[in-house]
Amino acid sequence: MESAYLQKNLGTCLTQGLAEVARMRPVDPIEYLALWIYKYKNNVTVEQQRQEEMAQLEHERELAVMEQEMMERLKAEELLFQQQQLAFQLELEMQEKERQRIEELQRAQEQFEKWLRIRLPMQGTWVRSLVQEDPTCGGATKPVRRNY
């Protein structure tokens with residue numbers, strides 16, 4: 001039980017530390033081993049922090065990539081929306097031009113009909129006056145319509 005605890009928590013550290021003491025053969029091996037263990041602990045802590053930072057950076061990179069993809073999709077959707085809006089606006093402009101053209105034709109037709117209403121009675125008067133003055137008709141015959 002105790003050996004499992006020691007193996008789990010100190011196994012690698014003690015093995016490497018004792019190997020280093022045997023290799024270096026310091027004057028005070030206990031102090032050397034104690035300092036080496038402190039340095040080992042510091043190195044392990046720094047490495048854990050580095051790995052956590054790397055994991056955090058990787059996570060932030062993934063978020064940045066996802067955000068970039070989202071921005072690209074939004075830009076594509078915005079472009080599509082603008083194109084649809086432009087097409088709709090062009091359609092409205094075409095409908096407005098068609099409406100204006102129809103109104104213009106209706107005004108022209110109304111003016112023509114008004115002109116006809118004014119001219120036809122006048123033309124009939126003019127034709128009657130011509131018939132009355134025409135000596136060949138004798139003034140007493142039915143009005144003859146002439147094509148002028």
Between Lys75 and Glu78, does at least one N-O distance fall below 4.0 Å, as a salt bridge requires?
-> no
Would you indicate whether Glu67, at its atom CD, is surrounded by more than 12 heavy atoms from other residues, nucleotides or ligands within a distance under 6.0 Å?
-> no
Distance in Å, Leu57 CG paired with Arg50 CZ, rounded so as to fall on 0.5 Å steps = 11.0 Å
Which distance, rounded to the nearest 0.5 Å, do you find between the CD of Gln95 and the CD of Glu93?
-> 11.0 Å
Evaluate the ring-ring contact (aromatic ring centres under 6.0 Å, His included) criterion for residues Trp36 and Tyr32: first the C-alpha distance (whole Å), next the side-chain angles of each, then the deciding distance (0.1 Å), finally the verdict.
-> CA-CA 6 Å; Trp36 190 91; Tyr32 185 86; 8.2 Å; no
Assess the side chains of Gln89 and Gln85: does a donor N or O sit below 3.5 Å from an acceptor N or O?
-> no
At what distance, to the nearest 0.5 angstrom, does CD of Glu103 lie from CD of Glu98?
-> 11.0 Å
Given side chains that start at C-beta, do those of Gln82 and Leu79 come closer than 4.5 Å, heavy atoms only?
-> yes
Would you kindly confirm whether Met94 and Ile102 end up in one hydrophobic cluster when ILVMFWY residues are joined by side chain heavy atoms under 4.5 Å apart?
-> no
Using distance alone, with no hydrogens and no angle criterion, decide if Gln56 and Glu60 have a side-chain donor and acceptor under 3.5 Å apart.
-> yes
Within a reach of under 6.0 Å around CG of Leu92, are more than 12 heavy atoms found that belong to other residues, nucleotides or ligands?
-> yes
Evaluate the criterion salt bridge (Lys or Arg N to Asp or Glu O under 4.0 Å) for residue pair Arg61 and Glu58; output intermediate values, then yes/no.
-> CA-CA 5 Å; Arg61 186 190 69 76; Glu58 180 63 24; 2.8 Å; yes
Consider only side-chain heavy atoms of I, L, V, M, F, W and Y, link residues closer than 4.5 Å, and tell whether Tyr5 and Leu14 are in one cluster.
-> yes
Salt-bridged, Glu104 to Arg101, with N to O below 4.0 Å?
-> no
With clusters built from Ile, Leu, Val, Met, Phe, Trp and Tyr whose side-chain heavy atoms come within less than 4.5 Å, directly or transitively, what are the remaining members of the cluster of Met71, listed by chain and number?
-> Met70, Leu74
Residues, nucleotides or ligands: over 12 heavy atoms within 6.0 Å of Gln51 CD = yes
Could you give the distance from SG (Cys13) to CG (Leu33), rounded to the nearest 0.5 Å?
-> 7.5 Å
Quick one: CG on Leu10 to OH on Tyr40, what's the gap to the nearest 0.5 Å?
-> 9.5 Å
Should Glu96 and Arg99 count as an ion pair when the cut-off is N to O under 4.0 Å?
-> yes
Interatomic distance, Gln83 atom CD to Leu86 atom CG [nearest 0.5 angstrom] = 8.0 Å
